[in-house]
Protein chains: 2
Amino acid sequence: MSKWENVSMSVIRRMPRYYRFLTHLKQIGTTRISSKELSEIMGLTASQIRQDLNCFGGFGQQGYGYMVEQLQHEIGNILGISNAYKAILIGAGNLGQALALNMPFGSLGFELTGLFDNAPEKIGTKVGDLPVYDVRKLEDFCAREHPVMAIFCVPREAVETLSDALYRQNVKSFWNFSHFDIAMKYPDAVVENVHLNDSLMTLCYRISNGSD
Amino acid sequence: MSKWENVSMSVIRRMPRYYRFLTHLKQIGTTRISSKELSEIMGLTASQIRQDLNCFGGFGQQGYGYMVEQLQHEIGNILGISNAYKAILIGAGNLGQALALNMPFGSLGFELTGLFDNAPEKIGTKVGDLPVYDVRKLEDFCAREHPVMAIFCVPREAVETLSDALYRQNVKSFWNFSHFDIAMKYPDAVVENVHLNDSLMTLCYRISNGSD
DNA sequence: TAGATTGTTAATCGATTAACAATC
DNA sequence: TAGATTGTTAATCGATTAACAATC
């Protein structure tokens with residue numbers, strides 16, 4: 001299934017940033033760019049940019065550089081953003097609603113197909129055009145709709161039971177905003193953690209101790 | 001000002017995770033733990049844990065291990081969570097409100113002291129107990145209250161002007177949820193980016209190409 | 001052709017892991 | 001004292017940077 005093997009996480013995590021900068025360059029009308037120029041804009045070395053891109057193929061032209069639009073397109077393909085992986089979101093609180101309403105899932109390779117919560121006053125309401133379902137109907141929904149990815153915006157205590165149920169239903173990718181470390185439980189799951197508390201603590205450390 | 005020099009970013013970013021696991025261990029009543037045991041719970045090597053901790057001091061006891069509560073406390077100190085750095089949040093949309101209402105700023109080294117927005121219908125309303133101020137009063141507020149950190153929950157286009165103004169007012173730490181790369185503009189600023197789109201794209205890549 | 005810039009190999013640097021002496 | 005586990009030095013591994021031949 002894997003088109004590219006042995007690409008390190010460090011490289012993968014830089015790809016969306018390339019995509020972002022190239023999208024912006026395209027918007028402001030830049031058509032061509034060298035690794036040197038891009039490196040100055042992004043704060044990387046030209047060498048690293050060429051190494052990163054050549055993990056996936058040769059997208060440039062010697063003596064000339066890279067075509068912005070083409071490269072942006074290629075990186076979009078690499079990331080797989082034209083997929084529409086069915087995703088569900090669990091926990092329609094403030095954060096869950098913010099994500100459901102603001103994330104451009106369609107441009108990021110996903111399609112949000114269901115919201116779930118356990119609070120009676122939320123069940124049946126709508127967030128954008130998606131209804132909030134009773135979390136007790138989660139397994140039924142999965143059996144019927146076969147989502148691929150689940151977003152966790154629930155308290156730590158709720159995650160273990162929920163992720164067990166989802167894993168049984170073959171949902172093995174998680175975008176995890178909770179404090180529970182899902183990855184430790186399911187070795188074959190794909191887990192992307194967004195630990196906002198950790199991020200803020202890191203910032204606190206850096207303020208306290210100077211940036212460098 | 002810096003208590004510890006030459007601690008690498010890789011180590012710093014692991015500290016909040018140690019803090020999180022130790023807090024949980026404490027809650028479930030574990031009083032003592034060896035680097036070996038902790039490594040199994042966290043999915044690291046015992047060696048790495050000992051190396052990481054010894055960047056900041058010797059918190060263990062040979063032949064015995066680490067006292068959970070004491071170590072948790074020490075890491076809290078290292079991270080500086082007993083500070084109350086004044087923070088402001090700009091952009092009181094869904095995401096901004098979610099952060100203002102849900103983040104336990106007080107336990108993470110910060111105190112949220114002001115919210116700002118440019119939408120007339122939001123100005124004057126309250127989010128939790130904090131009023132939303134007119135973003136045009138941002139500089140006045142900074143001159144008076146001297147916040148240290150700013151949280152950006154606004155569109156890319158708005159960030160550059162705002163961060164310039166804040167930088168002039170000596171706000172040089174940013175928790176950045178926007179797509180604008182603040183760090184490139186102010187070399188001496190402390191910037192912690194939370195690029196949710198990038199995170200989701202990375203997840204998409206990993207689903208498309210297998211986790212490993 | 002000459003100049004520029006890629007793709008790729010080789011060198012360096014930093015981070016992780018292993019090993020072990022110190023010591024509780 | 002014997003056993004266990006740390007703190008720390010040394011070895012390994014991987015990621016970044018530098019160099020340069022290929023080539024547009």
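Letters A, B, ... mirror the listed sequences (proteins, then strands); counts begin at 1. Here the structure is a predicted model, which means the values were calculated and not measured.
- Nucleic acid contact for A:Arg32: none, since no nucleic acid atom lies under 4.0 Å from a heavy atom of the residue.
- The aromatic rings of A:Phe56 and A:Trp4 stand perpendicular to each other, their planes meeting at an angle above 60°, with 30° marking the opposite boundary.
- Counting all heavy atoms, side chain and backbone alike, B:Phe141 lies closest to B:Gly114 at CZ-CA, 4.2 Å.
- A 4.0 Å heavy-atom criterion places the boundary nucleotides of DNA chain D facing chain A at D:dA15 to D:dC24, written 5' to 3'.
- Counting heavy atoms from C-beta outward, B:Phe110 and B:Val148 have side chains that stay 4.5 Å or more apart.
- Residue A:Val11 is the one, among A:Val11 and A:Arg50, whose nearest nucleotide of DNA chain D lies closer to the 5' end (criterion: closest heavy atom).
- With a cut-off of 3.5 Å on both pairing distances, the Watson-Crick and G-U wobble pairs of DNA chain C assemble into stems of 3 or more at C:3-24 with D:3-24.
- Among the atoms of the strands shown, only primed sugar atoms or phosphate atoms (P, OP1, OP2) are found under 4.0 Å from some heavy atom of B:Ser34.
- Among the heavy atoms of the strands lying under 4.0 Å from A:Thr45 are primed sugar atoms or P, OP1, OP2 only; no base atom is included.
- The cationic atom of A:Lys172 (NZ for Lys, CZ for Arg) lies less than 6.0 Å from the six-membered ring centre of A:Tyr167 and within 45° of the ring axis.
- B:Asp198 has no carboxylate O lying under 4.0 Å from a charged side-chain N of A:Arg17, or vice versa, which leaves the two without a salt bridge.
- At a threshold of 4.5 Å between non-hydrogen side-chain atoms, the residues B:Trp175 and B:Met103 count as touching.
- Of the two residues contacting DNA chain C, namely A:Glu37 and B:Gln61, the nearest-nucleotide position lying further toward the 5' end is that of A:Glu37.
- The ring of A:Tyr66 has its center no closer than 6.0 angstrom to the ring center of A:Phe59.
- The aromatic ring centres of A:Phe116 and A:Tyr133 sit less than 6.0 Å apart.
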